[in-house]
2 protein chains.
Amino acid sequence: MQDILFGFISKYISLTEEEKNVLLSLELFHSVKKGTVLLTEGQKTQNSFFVLKGCIRSYYIKDGEEKTTAFYTEMEALTPPCVISRTPSDYYISCNEDCILLISDADMSEEVNSRFPKFEIMCMKFSEELLAKERIEFDEFKTSSPEQRYLNLLQKRPDLIQRVPQHQLASYLGIKPQSLSRLRARILEKSKT
Amino acid sequence: MQDILFGFISKYISLTEEEKNVLLSLELFHSVKKGTVLLTEGQKTQNSFFVLKGCIRSYYIKDGEEKTTAFYTEMEALTPPCVISRTPSDYYISCNEDCILLISDADMSEEVNSRFPKFEIMCMKFSEELLAKERIEFDEFKTSSPEQRYLNLLQKRPDLIQRVPQHQLASYLGIKPQSLSRLRARILEKSKT
DNA sequence: ATCATTTCTTAACTTAAGTGAACGAGTTGT
DNA sequence: ACAACTCGTTCACTTAAGTTAAGAAATGAT
(Lines give C-alpha, C1' and ligand atoms only; values in the text may rest on other atoms or scores of the structure.)
Protein backbone atom coordinates (compact mmCIF):
# COMPACT_ATOMS: atom_id res chain seq x y z
CA MET A 1 0.00 0.00 0.00
CA GLN A 2 2.76 2.39 0.96
CA ASP A 3 4.44 1.60 -2.33
CA ILE A 4 1.64 3.35 -4.16
CA LEU A 5 2.12 6.47 -2.08
CA PHE A 6 5.90 6.55 -2.36
CA GLY A 7 5.74 5.73 -6.05
CA PHE A 8 3.51 8.73 -6.48
CA ILE A 9 5.70 11.04 -4.41
CA SER A 10 8.83 9.95 -6.25
CA LYS A 11 7.46 11.58 -9.38
CA TYR A 12 7.99 14.92 -7.67
CA ILE A 13 10.73 14.58 -5.02
CA SER A 14 12.96 11.85 -3.61
CA LEU A 15 12.64 10.79 0.02
CA THR A 16 15.17 9.20 2.38
CA GLU A 17 14.22 6.13 4.39
CA GLU A 18 13.98 8.28 7.47
CA GLU A 19 11.57 10.65 5.80
CA LYS A 20 9.45 7.77 4.65
CA ASN A 21 9.28 6.48 8.20
CA VAL A 22 8.15 9.84 9.52
CA LEU A 23 5.37 9.90 6.95
CA LEU A 24 4.28 6.41 7.88
CA SER A 25 4.26 7.26 11.58
CA LEU A 26 1.59 9.90 11.06
CA GLU A 27 -1.25 7.40 10.73
CA LEU A 28 -2.47 8.89 7.52
CA PHE A 29 -4.03 5.74 6.14
CA HIS A 30 -7.72 5.08 6.55
CA SER A 31 -9.99 2.27 5.40
CA VAL A 32 -13.38 3.66 4.50
CA LYS A 33 -16.56 1.74 3.62
CA LYS A 34 -18.53 2.31 0.45
CA GLY A 35 -21.20 4.93 0.98
CA THR A 36 -19.36 6.81 3.71
CA VAL A 37 -19.84 10.56 3.41
CA LEU A 38 -16.47 12.26 3.89
CA LEU A 39 -17.67 15.83 3.61
CA THR A 40 -21.14 17.37 3.86
CA GLU A 41 -22.53 20.67 2.65
CA GLY A 42 -22.09 23.36 5.29
CA GLN A 43 -19.29 21.48 7.01
CA LYS A 44 -15.91 23.08 7.69
CA THR A 45 -12.89 20.88 7.18
CA GLN A 46 -9.15 21.08 6.74
CA ASN A 47 -8.88 17.62 5.24
CA SER A 48 -7.34 16.71 1.94
CA PHE A 49 -7.77 13.26 0.43
CA PHE A 50 -5.48 11.07 -1.57
CA VAL A 51 -6.94 7.88 -3.01
CA LEU A 52 -4.74 4.80 -2.65
CA LYS A 53 -7.50 2.38 -3.56
CA GLY A 54 -11.15 2.78 -4.52
CA CYS A 55 -13.14 5.70 -5.84
CA ILE A 56 -14.50 8.82 -4.20
CA ARG A 57 -16.86 11.29 -5.75
CA SER A 58 -17.72 14.96 -5.25
CA TYR A 59 -21.21 16.29 -5.86
CA TYR A 60 -23.54 19.17 -5.17
CA ILE A 61 -27.19 18.86 -4.25
CA LYS A 62 -29.07 21.42 -6.33
CA ASP A 63 -32.88 21.44 -6.38
CA GLY A 64 -32.82 18.13 -4.56
CA GLU A 65 -30.72 16.52 -7.29
CA GLU A 66 -27.20 15.21 -7.01
CA LYS A 67 -24.87 16.92 -9.48
CA THR A 68 -21.70 14.86 -9.71
CA THR A 69 -18.69 16.98 -10.57
CA ALA A 70 -15.71 14.67 -10.22
CA PHE A 71 -14.44 11.17 -9.53
CA TYR A 72 -11.12 10.48 -7.89
CA THR A 73 -9.54 7.06 -8.22
CA GLU A 74 -6.18 5.44 -7.50
CA MET A 75 -3.33 7.98 -7.31
CA GLU A 76 -5.57 11.01 -7.46
CA ALA A 77 -5.77 13.75 -4.85
CA LEU A 78 -8.52 16.11 -3.83
CA THR A 79 -8.24 19.28 -1.77
CA PRO A 80 -11.77 20.65 -1.51
CA PRO A 81 -12.09 24.34 -2.43
CA CYS A 82 -13.50 25.02 1.05
CA VAL A 83 -10.13 24.08 2.55
CA ILE A 84 -8.46 26.82 0.52
CA SER A 85 -11.15 29.42 1.08
CA ARG A 86 -11.67 28.43 4.74
CA THR A 87 -15.43 28.58 4.32
CA PRO A 88 -18.12 25.93 4.86
CA SER A 89 -18.25 23.41 2.04
CA ASP A 90 -20.66 23.86 -0.84
CA TYR A 91 -20.60 20.23 -1.69
CA TYR A 92 -20.39 16.61 -0.66
CA ILE A 93 -17.73 13.96 -0.96
CA SER A 94 -18.54 10.31 -0.55
CA CYS A 95 -17.03 6.89 -1.19
CA ASN A 96 -18.29 5.15 -4.28
CA GLU A 97 -16.46 1.97 -3.29
CA ASP A 98 -14.63 0.61 -0.26
CA CYS A 99 -11.55 2.81 -0.17
CA ILE A 100 -8.11 3.14 1.30
CA LEU A 101 -7.45 6.84 1.65
CA LEU A 102 -4.70 9.07 2.86
CA ILE A 103 -6.35 11.85 4.81
CA SER A 104 -4.28 14.83 5.87
CA ASP A 105 -5.47 17.86 7.74
CA ALA A 106 -3.89 21.31 7.68
CA ASP A 107 -2.10 21.00 11.06
CA MET A 108 -0.49 17.82 9.93
CA SER A 109 0.66 19.22 6.61
CA GLU A 110 2.09 22.22 8.42
CA GLU A 111 4.16 19.97 10.63
CA VAL A 112 5.32 17.87 7.72
CA ASN A 113 6.10 20.95 5.69
CA SER A 114 8.17 22.55 8.43
CA ARG A 115 10.14 19.35 8.95
CA PHE A 116 10.59 18.73 5.23
CA PRO A 117 10.48 21.96 3.26
CA LYS A 118 10.81 20.03 0.05
CA PHE A 119 7.46 18.50 0.77
CA GLU A 120 5.89 21.91 0.47
CA ILE A 121 7.62 22.39 -2.86
CA MET A 122 6.17 19.12 -4.02
CA CYS A 123 2.69 20.28 -3.08
CA MET A 124 3.24 23.48 -5.00
CA LYS A 125 4.34 21.69 -8.14
CA PHE A 126 1.47 19.31 -7.75
CA SER A 127 -1.03 22.12 -7.39
CA GLU A 128 0.26 23.90 -10.49
CA GLU A 129 0.08 20.69 -12.43
CA LEU A 130 -3.46 20.07 -11.27
CA LEU A 131 -4.49 23.56 -12.24
CA ALA A 132 -3.17 23.06 -15.76
CA LYS A 133 -4.90 19.69 -16.02
CA GLU A 134 -8.14 21.08 -14.64
CA ARG A 135 -8.16 23.89 -17.15
CA ILE A 136 -7.58 21.52 -20.06
CA GLU A 137 -10.43 19.32 -18.88
CA PHE A 138 -12.69 22.32 -18.57
CA ASP A 139 -11.77 23.46 -22.06
CA GLU A 140 -12.48 20.04 -23.49
CA PHE A 141 -15.83 19.93 -21.76
CA LYS A 142 -16.77 23.35 -23.03
CA THR A 143 -15.82 22.70 -26.61
CA SER A 144 -17.58 19.39 -27.07
CA SER A 145 -21.09 17.97 -27.24
CA PRO A 146 -22.35 15.44 -24.69
CA GLU A 147 -21.75 12.66 -27.21
CA GLN A 148 -18.16 13.76 -27.80
CA ARG A 149 -17.66 14.07 -24.06
CA TYR A 150 -18.81 10.48 -23.57
CA LEU A 151 -16.55 9.19 -26.35
CA ASN A 152 -13.72 11.19 -24.87
CA LEU A 153 -14.29 9.67 -21.45
CA LEU A 154 -14.41 6.22 -23.02
CA GLN A 155 -10.90 6.91 -24.34
CA LYS A 156 -9.38 8.56 -21.31
CA ARG A 157 -10.98 6.85 -18.33
CA PRO A 158 -12.67 3.68 -19.55
CA ASP A 159 -12.53 2.33 -16.01
CA LEU A 160 -15.01 4.96 -14.82
CA ILE A 161 -17.66 3.79 -17.24
CA GLN A 162 -17.39 0.33 -15.75
CA ARG A 163 -17.13 1.13 -12.08
CA VAL A 164 -19.50 4.09 -11.72
CA PRO A 165 -23.34 4.08 -11.79
CA GLN A 166 -24.81 5.46 -15.02
CA HIS A 167 -26.83 8.22 -13.40
CA GLN A 168 -23.68 9.56 -11.72
CA LEU A 169 -21.84 9.37 -15.04
CA ALA A 170 -24.66 11.22 -16.79
CA SER A 171 -24.56 13.99 -14.24
CA TYR A 172 -20.78 14.12 -14.59
CA LEU A 173 -21.22 14.57 -18.36
CA GLY A 174 -23.73 17.34 -17.76
CA ILE A 175 -26.82 15.46 -18.97
CA LYS A 176 -29.74 13.37 -17.63
CA PRO A 177 -29.50 9.58 -17.26
CA GLN A 178 -32.13 9.09 -19.97
CA SER A 179 -30.06 11.13 -22.39
CA LEU A 180 -26.99 9.06 -21.62
CA SER A 181 -28.90 5.85 -22.32
CA ARG A 182 -30.16 7.23 -25.61
CA LEU A 183 -26.75 8.58 -26.55
CA ARG A 184 -25.14 5.21 -25.93
CA ALA A 185 -27.78 3.48 -28.01
CA ARG A 186 -27.14 6.00 -30.78
CA ILE A 187 -23.39 5.34 -30.75
CA LEU A 188 -23.96 1.58 -30.80
CA GLU A 189 -26.31 2.00 -33.78
CA LYS A 190 -23.73 4.04 -35.67
CA SER A 191 -20.93 1.55 -35.06
CA LYS A 192 -23.05 -1.28 -36.46
CA THR A 193 -23.52 0.24 -39.90
CA MET B 1 -0.16 51.53 -13.00
CA GLN B 2 2.23 50.00 -10.50
CA ASP B 3 -0.37 50.62 -7.82
CA ILE B 4 -2.60 48.00 -9.40
CA LEU B 5 0.19 45.45 -9.27
CA PHE B 6 1.24 46.21 -5.70
CA GLY B 7 -2.36 46.38 -4.56
CA PHE B 8 -2.82 42.91 -5.94
CA ILE B 9 0.36 41.54 -4.37
CA SER B 10 -0.50 43.05 -0.99
CA LYS B 11 -3.43 40.65 -0.77
CA TYR B 12 -0.90 37.85 -0.42
CA ILE B 13 2.35 39.23 1.01
CA SER B 14 3.75 42.59 2.06
CA LEU B 15 6.71 44.11 0.21
CA THR B 16 9.35 46.57 1.34
CA GLU B 17 10.12 49.61 -0.79
CA GLU B 18 13.36 47.99 -1.83
CA GLU B 19 11.58 44.89 -2.99
CA LYS B 20 9.11 46.95 -4.94
CA ASN B 21 11.98 48.71 -6.67
CA VAL B 22 13.59 45.45 -7.65
CA LEU B 23 10.32 44.32 -9.21
CA LEU B 24 9.96 47.56 -11.12
CA SER B 25 13.54 47.33 -12.38
CA LEU B 26 12.78 44.10 -14.19
CA GLU B 27 10.91 45.80 -17.05
CA LEU B 28 7.93 43.56 -16.71
CA PHE B 29 5.41 46.02 -18.10
CA HIS B 30 4.37 45.86 -21.72
CA SER B 31 1.91 47.85 -23.78
CA VAL B 32 0.25 45.61 -26.31
CA LYS B 33 -2.07 46.60 -29.17
CA LYS B 34 -5.51 45.12 -29.67
CA GLY B 35 -5.36 42.06 -31.88
CA THR B 36 -1.80 41.10 -30.97
CA VAL B 37 -1.37 37.35 -30.71
CA LEU B 38 0.60 36.56 -27.56
CA LEU B 39 0.76 32.80 -28.00
CA THR B 40 0.17 30.57 -31.02
CA GLU B 41 -0.66 26.91 -31.31
CA GLY B 42 2.51 24.83 -31.51
CA GLN B 43 4.62 27.55 -29.91
CA LYS B 44 6.75 26.88 -26.84
CA THR B 45 6.82 29.58 -24.23
CA GLN B 46 7.76 30.21 -20.61
CA ASN B 47 5.68 33.35 -20.33
CA SER B 48 2.99 34.06 -17.80
CA PHE B 49 0.68 37.03 -18.15
CA PHE B 50 -0.87 39.36 -15.64
CA VAL B 51 -3.40 41.87 -16.92
CA LEU B 52 -3.05 45.37 -15.52
CA LYS B 53 -5.38 46.92 -18.06
CA GLY B 54 -7.39 45.55 -20.96
CA CYS B 55 -8.61 42.09 -21.83
CA ILE B 56 -6.86 39.03 -23.21
CA ARG B 57 -8.52 35.88 -24.40
CA SER B 58 -7.51 32.24 -24.80
CA TYR B 59 -8.96 30.08 -27.54
CA TYR B 60 -8.47 26.89 -29.48
CA ILE B 61 -8.96 26.50 -33.20
CA LYS B 62 -10.89 23.30 -33.73
CA ASP B 63 -12.25 22.39 -37.17
CA GLY B 64 -11.33 25.88 -38.33
CA GLU B 65 -13.46 27.48 -35.61
CA GLU B 66 -12.31 29.57 -32.71
CA LYS B 67 -13.36 28.08 -29.39
CA THR B 68 -12.97 30.73 -26.73
CA THR B 69 -12.23 29.25 -23.32
CA ALA B 70 -11.41 32.21 -21.11
CA PHE B 71 -11.16 35.96 -20.77
CA TYR B 72 -8.67 37.64 -18.46
CA THR B 73 -9.23 41.24 -17.44
CA GLU B 74 -7.79 43.68 -14.89
CA MET B 75 -6.07 41.91 -11.96
CA GLU B 76 -6.28 38.46 -13.48
CA ALA B 77 -3.35 36.20 -14.25
CA LEU B 78 -2.80 33.45 -16.77
CA THR B 79 -0.10 30.82 -16.81
CA PRO B 80 -0.77 28.72 -19.90
CA PRO B 81 -0.85 24.95 -19.27
CA CYS B 82 1.98 24.52 -21.79
CA VAL B 83 4.29 26.44 -19.43
CA ILE B 84 3.66 23.89 -16.71
CA SER B 85 3.81 20.85 -18.96
CA ARG B 86 6.73 22.25 -20.99
CA THR B 87 5.10 21.18 -24.23
CA PRO B 88 4.07 23.19 -27.32
CA SER B 89 0.89 25.15 -26.75
CA ASP B 90 -2.46 23.72 -27.78
CA TYR B 91 -4.06 27.10 -27.96
CA TYR B 92 -3.88 30.78 -28.73
CA ILE B 93 -3.85 33.89 -26.58
CA SER B 94 -4.59 37.27 -28.06
CA CYS B 95 -5.44 40.79 -26.97
CA ASN B 96 -9.08 41.71 -27.21
CA GLU B 97 -8.27 45.33 -26.41
CA ASP B 98 -5.21 47.53 -26.11
CA CYS B 99 -3.57 46.11 -22.99
CA ILE B 100 -0.98 46.81 -20.37
CA LEU B 101 0.42 43.47 -19.33
CA LEU B 102 2.97 42.16 -16.95
CA ILE B 103 4.82 39.40 -18.77
CA SER B 104 7.18 37.19 -16.82
CA ASP B 105 9.20 34.30 -18.16
CA ALA B 106 10.46 31.35 -16.16
CA ASP B 107 14.08 32.58 -15.87
CA MET B 108 12.88 35.84 -14.48
CA SER B 109 10.58 34.25 -11.93
CA GLU B 110 13.40 31.97 -10.86
CA GLU B 111 15.59 34.95 -10.19
CA VAL B 112 12.86 36.79 -8.33
CA ASN B 113 12.00 33.70 -6.34
CA SER B 114 15.58 33.09 -5.28
CA ARG B 115 15.97 36.70 -4.19
CA PHE B 116 12.61 36.82 -2.43
CA PRO B 117 11.54 33.40 -1.25
CA LYS B 118 8.27 34.82 -0.01
CA PHE B 119 7.42 35.60 -3.58
CA GLU B 120 7.40 31.95 -4.35
CA ILE B 121 5.07 31.36 -1.42
CA MET B 122 2.75 33.96 -2.82
CA CYS B 123 2.68 32.19 -6.16
CA MET B 124 1.88 28.97 -4.42
CA LYS B 125 -1.03 30.44 -2.50
CA PHE B 126 -2.20 32.11 -5.64
CA SER B 127 -2.08 28.90 -7.61
CA GLU B 128 -4.05 27.02 -4.97
CA GLU B 129 -6.63 29.73 -4.90
CA LEU B 130 -6.93 29.71 -8.66
CA LEU B 131 -7.35 25.96 -8.67
CA ALA B 132 -10.22 26.19 -6.22
CA LYS B 133 -11.84 28.99 -8.21
CA GLU B 134 -11.35 27.15 -11.47
CA ARG B 135 -13.00 24.05 -10.11
CA ILE B 136 -16.01 25.98 -8.84
CA GLU B 137 -16.41 27.63 -12.22
CA PHE B 138 -16.19 24.29 -13.94
CA ASP B 139 -18.78 22.85 -11.60
CA GLU B 140 -21.14 25.73 -12.25
CA PHE B 141 -20.72 25.35 -15.98
CA LYS B 142 -21.38 21.65 -15.83
CA THR B 143 -24.48 21.91 -13.70
CA SER B 144 -26.27 24.63 -15.66
CA SER B 145 -27.97 25.16 -19.00
CA PRO B 146 -26.67 27.72 -21.52
CA GLU B 147 -29.40 30.12 -20.43
CA GLN B 148 -28.46 29.78 -16.76
CA ARG B 149 -24.81 30.21 -17.69
CA TYR B 150 -25.59 33.45 -19.47
CA LEU B 151 -27.63 34.77 -16.55
CA ASN B 152 -24.86 33.73 -14.22
CA LEU B 153 -22.29 35.62 -16.29
CA LEU B 154 -24.57 38.64 -16.31
CA GLN B 155 -24.39 38.55 -12.51
CA LYS B 156 -20.74 37.80 -12.03
CA ARG B 157 -18.99 39.54 -14.89
CA PRO B 158 -21.41 42.01 -16.46
CA ASP B 159 -18.43 43.90 -17.90
CA LEU B 160 -17.59 40.98 -20.20
CA ILE B 161 -20.98 41.12 -21.87
CA GLN B 162 -20.33 44.74 -22.75
CA ARG B 163 -16.72 44.61 -23.81
CA VAL B 164 -16.51 41.29 -25.61
CA PRO B 165 -17.89 40.43 -29.10
CA GLN B 166 -21.02 38.27 -28.99
CA HIS B 167 -19.61 35.42 -31.03
CA GLN B 168 -16.71 35.09 -28.59
CA LEU B 169 -19.13 35.16 -25.68
CA ALA B 170 -21.27 32.48 -27.30
CA SER B 171 -18.29 30.23 -27.76
CA TYR B 172 -17.28 30.91 -24.15
CA LEU B 173 -20.76 29.80 -23.06
CA GLY B 174 -20.43 26.65 -25.14
CA ILE B 175 -23.02 27.58 -27.79
CA LYS B 176 -23.29 29.14 -31.28
CA PRO B 177 -23.75 32.90 -31.79
CA GLN B 178 -27.23 32.35 -33.23
CA SER B 179 -28.24 30.48 -30.09
CA LEU B 180 -26.96 33.28 -27.91
CA SER B 181 -29.01 35.81 -29.88
CA ARG B 182 -32.11 33.66 -29.54
CA LEU B 183 -31.48 33.02 -25.86
CA ARG B 184 -31.15 36.72 -25.14
CA ALA B 185 -34.36 37.44 -27.04
CA ARG B 186 -36.04 34.72 -24.99
CA ILE B 187 -34.89 36.22 -21.70
CA LEU B 188 -36.01 39.68 -22.79
CA GLU B 189 -39.40 38.26 -23.72
CA LYS B 190 -39.76 36.59 -20.33
CA SER B 191 -38.82 39.72 -18.38
CA LYS B 192 -41.49 41.73 -20.24
CA THR B 193 -44.42 39.57 -19.12
C1' DA C 1 -36.27 -16.31 -0.95
C1' DT C 2 -39.08 -12.48 -1.24
C1' DC C 3 -40.27 -7.84 -1.26
C1' DA C 4 -38.96 -3.10 -1.74
C1' DT C 5 -35.97 0.09 -3.66
C1' DT C 6 -32.90 1.76 -6.79
C1' DT C 7 -31.07 1.77 -11.31
C1' DC C 8 -31.27 1.44 -16.22
C1' DT C 9 -33.63 1.57 -20.45
C1' DT C 10 -37.31 2.73 -23.72
C1' DA C 11 -40.90 5.63 -25.61
C1' DA C 12 -43.71 9.80 -26.75
C1' DC C 13 -43.72 14.49 -26.42
C1' DT C 14 -41.68 19.23 -25.44
C1' DT C 15 -38.09 22.47 -25.55
C1' DA C 16 -33.85 24.32 -26.87
C1' DA C 17 -29.58 24.19 -29.46
C1' DG C 18 -27.34 23.32 -34.22
C1' DT C 19 -27.47 24.46 -39.20
C1' DG C 20 -27.83 27.10 -43.35
C1' DA C 21 -29.30 31.15 -45.29
C1' DA C 22 -30.54 35.93 -45.59
C1' DC C 23 -30.45 40.74 -44.12
C1' DG C 24 -29.04 45.16 -42.20
C1' DA C 25 -25.53 47.73 -39.47
C1' DG C 26 -21.07 48.73 -38.64
C1' DT C 27 -15.91 48.51 -39.97
C1' DT C 28 -11.85 48.44 -42.83
C1' DG C 29 -9.24 49.33 -46.68
C1' DT C 30 -8.55 51.48 -50.97
C1' DA D 1 -17.20 57.29 -51.26
C1' DC D 2 -17.50 52.68 -52.27
C1' DA D 3 -16.78 47.79 -52.11
C1' DA D 4 -15.59 43.96 -49.20
C1' DC D 5 -15.90 42.03 -44.60
C1' DT D 6 -17.34 41.18 -40.25
C1' DC D 7 -20.85 41.00 -36.87
C1' DG D 8 -25.26 40.46 -34.83
C1' DT D 9 -29.91 39.12 -35.55
C1' DT D 10 -33.81 36.60 -37.48
C1' DC D 11 -36.11 32.65 -39.76
C1' DA D 12 -37.19 27.91 -41.11
C1' DC D 13 -35.74 23.46 -40.48
C1' DT D 14 -33.09 19.59 -38.19
C1' DT D 15 -31.22 17.32 -34.35
C1' DA D 16 -30.52 16.29 -29.69
C1' DA D 17 -31.44 16.94 -24.85
C1' DG D 18 -35.21 17.62 -21.10
C1' DT D 19 -39.49 15.72 -19.23
C1' DT D 20 -42.84 12.48 -17.87
C1' DA D 21 -44.09 7.98 -17.48
C1' DA D 22 -43.72 2.99 -17.59
C1' DG D 23 -41.56 -1.27 -17.25
C1' DA D 24 -37.42 -4.42 -16.86
C1' DA D 25 -33.20 -5.50 -14.34
C1' DA D 26 -30.24 -5.29 -10.53
C1' DT D 27 -29.46 -4.48 -5.64
C1' DG D 28 -30.40 -4.53 -0.73
C1' DA D 29 -32.84 -5.65 3.36
C1' DT D 30 -35.51 -8.57 6.13
Side-chain angles (χ1 to χ4, degrees), chain A residues 33-37 55 57 59 61-68 71 94-98 141-154 160-193, chain B residues 33-37 55 57 59 61-68 71 94-98 141-154 160-193:
Chain A
K33 275 255 149 30
K34 174 176 179 173
T36 307
V37 176
C55 175
R57 160 183 155 257
Y59 55 100
I61 297 187
K62 242 188 172 180
D63 316 317
E65 275 196 10
E66 284 187 7
K67 305 273 190 174
T68 297
F71 301 100
S94 77
C95 294
N96 253 12
E97 308 171 358
D98 291 347
F141 189 93
K142 206 181 263 188
T143 60
S144 27
S145 66
E147 184 170 328
Q148 288 173 311
R149 295 200 281 257
Y150 177 79
L151 291 169
N152 199 18
L153 193 68
L154 206 57
L160 279 188
I161 290 166
Q162 298 307 319
R163 73 202 287 189
V164 157
Q166 296 296 305
H167 66 281
Q168 289 177 10
L169 257 193
S171 166
Y172 178 66
L173 294 170
I175 57 178
K176 303 286 164 190
Q178 298 92 318
S179 298
L180 178 56
S181 270
R182 185 167 36 194
L183 179 159
R184 297 175 73 186
R186 200 165 59 221
I187 290 171
L188 209 65
E189 201 52 43
K190 279 183 196 166
S191 66
K192 269 186 200 164
T193 52
Chain B
K33 275 255 148 32
K34 174 176 177 173
T36 308
V37 177
C55 174
R57 161 181 153 257
Y59 55 98
I61 297 188
K62 241 186 172 183
D63 316 318
E65 275 196 9
E66 283 188 7
K67 305 274 191 174
T68 296
F71 299 100
S94 76
C95 294
N96 253 12
E97 307 171 358
D98 291 348
F141 189 94
K142 206 182 263 189
T143 60
S144 27
S145 66
E147 184 170 329
Q148 288 172 312
R149 296 200 282 258
Y150 177 79
L151 291 169
N152 200 17
L153 194 67
L154 207 55
L160 278 188
I161 291 166
Q162 296 309 319
R163 73 203 286 189
V164 156
Q166 296 295 308
H167 66 279
Q168 289 177 11
L169 257 192
S171 164
Y172 177 67
L173 293 170
I175 58 177
K176 301 287 164 187
Q178 297 94 318
S179 298
L180 178 55
S181 270
R182 185 168 36 195
L183 179 160
R184 298 177 72 185
R186 200 164 60 222
I187 290 171
L188 208 65
E189 201 52 43
K190 278 183 195 165
S191 66
K192 269 187 200 163
T193 52

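Order of the sequence lines fixes the chain letters, A, B, ..., with proteins taken first and strands second; residue numbering starts at 1 for each chain.
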So CG of B:L160 and SG of B:C55: to nearest 0.5 Å the spacing works out to 6.5 Å

A:E189 CD to C:dT10 P, in whole Å, measures 11 Å

In whole angstroms, the gap separating P of D:dT9 from CG of B:L183 amounts to 11 Å

May I have the distance from B:I161 (atom CD1) to D:dC7 (atom C1'), rounded to whole angstrom?
17 Å

The helix from C:dA1-D:dT30 to C:dT30-D:dA1: angle between its terminal axes, five pairs each, to 10°?
60°

For residues 171-179 of chain B, tabulate all N or O donor-acceptor pairs below 3.5 Å that involve a side-chain atom, not counting sequence neighbours.
residue: B:S171; atom: OG; partner: B:T68; partner atom: N; Å: 2.6
residue: B:K176; atom: NZ; partner: B:E65; partner atom: OE1; Å: 3.2
residue: B:S179; atom: OG; partner: B:R182; partner atom: NH2; Å: 3.3

I need the A:L183 CG to A:L188 CG distance, nearest 0.5 Å.
11.5 Å

A:K62: partners by side-chain contact (heavy atoms from CB on, under 4.5 Å), with sequence neighbours left out:
A:K67, B:T143

Measure from CG on B:L173 to C1' on D:dG8 and round the result to the nearest Å.
15 Å

Please step through side-chain contact (heavy atoms from CB on, under 4.5 Å) for the pair B:L153 and B:L169, ending with a clear verdict.
CA-CA 10 Å; B:L153 194 67; B:L169 257 192; 3.6 Å; yes

N/O (side chain, B:H167) to phosphate O (OP1/OP2, D:dT6) under 4.0 Å
no

Sub-4.5 Å side-chain heavy-atom contact between B:Q168 and B:N96
yes

Pairs in or reaching into residues 160-173 of chain A: which pass salt bridge (charged side-chain N to carboxylate O under 4.0 Å, His left out), with residues at least two apart or in two chains?
A:E74-A:R163, A:E97-A:R163, A:D159-A:R163

Residue-phosphate contact under 4.0 Å: B:R186 side-chain N/O, C:dA17 OP1/OP2
yes

List, with names and distances, any nitrogen or oxygen atoms from the protein found under 3.5 Å away from nitrogen or oxygen atoms belonging to nucleotides 23-28 of chain D.
none

Name every residue in residues 174-182 of chain B that has at least one heavy atom under 4.0 Å from any atom of DNA chain C, in order of residue number, or write none if there are no such residues.
B:G174, B:I175, B:K176, B:Q178, B:S179, B:R182

note: B:Q162, atom CD; D:dG8, atom P; distance rounded to Å ~ 13 Å

Rounded to whole Å, how long is the line connecting atom CD of A:Q166 with atom C1' of C:dT10?
15 Å

Atom CD of A:E147 and atom P of C:dG18 are separated, to the nearest Å, by 14 Å

To the nearest Å, how far apart are B:E66 CD and D:dC7 C1'?
13 Å

Pairwise distance CZ(B:R149) to NZ(A:K142) - rounded to 0.5 angstrom
8.5 Å

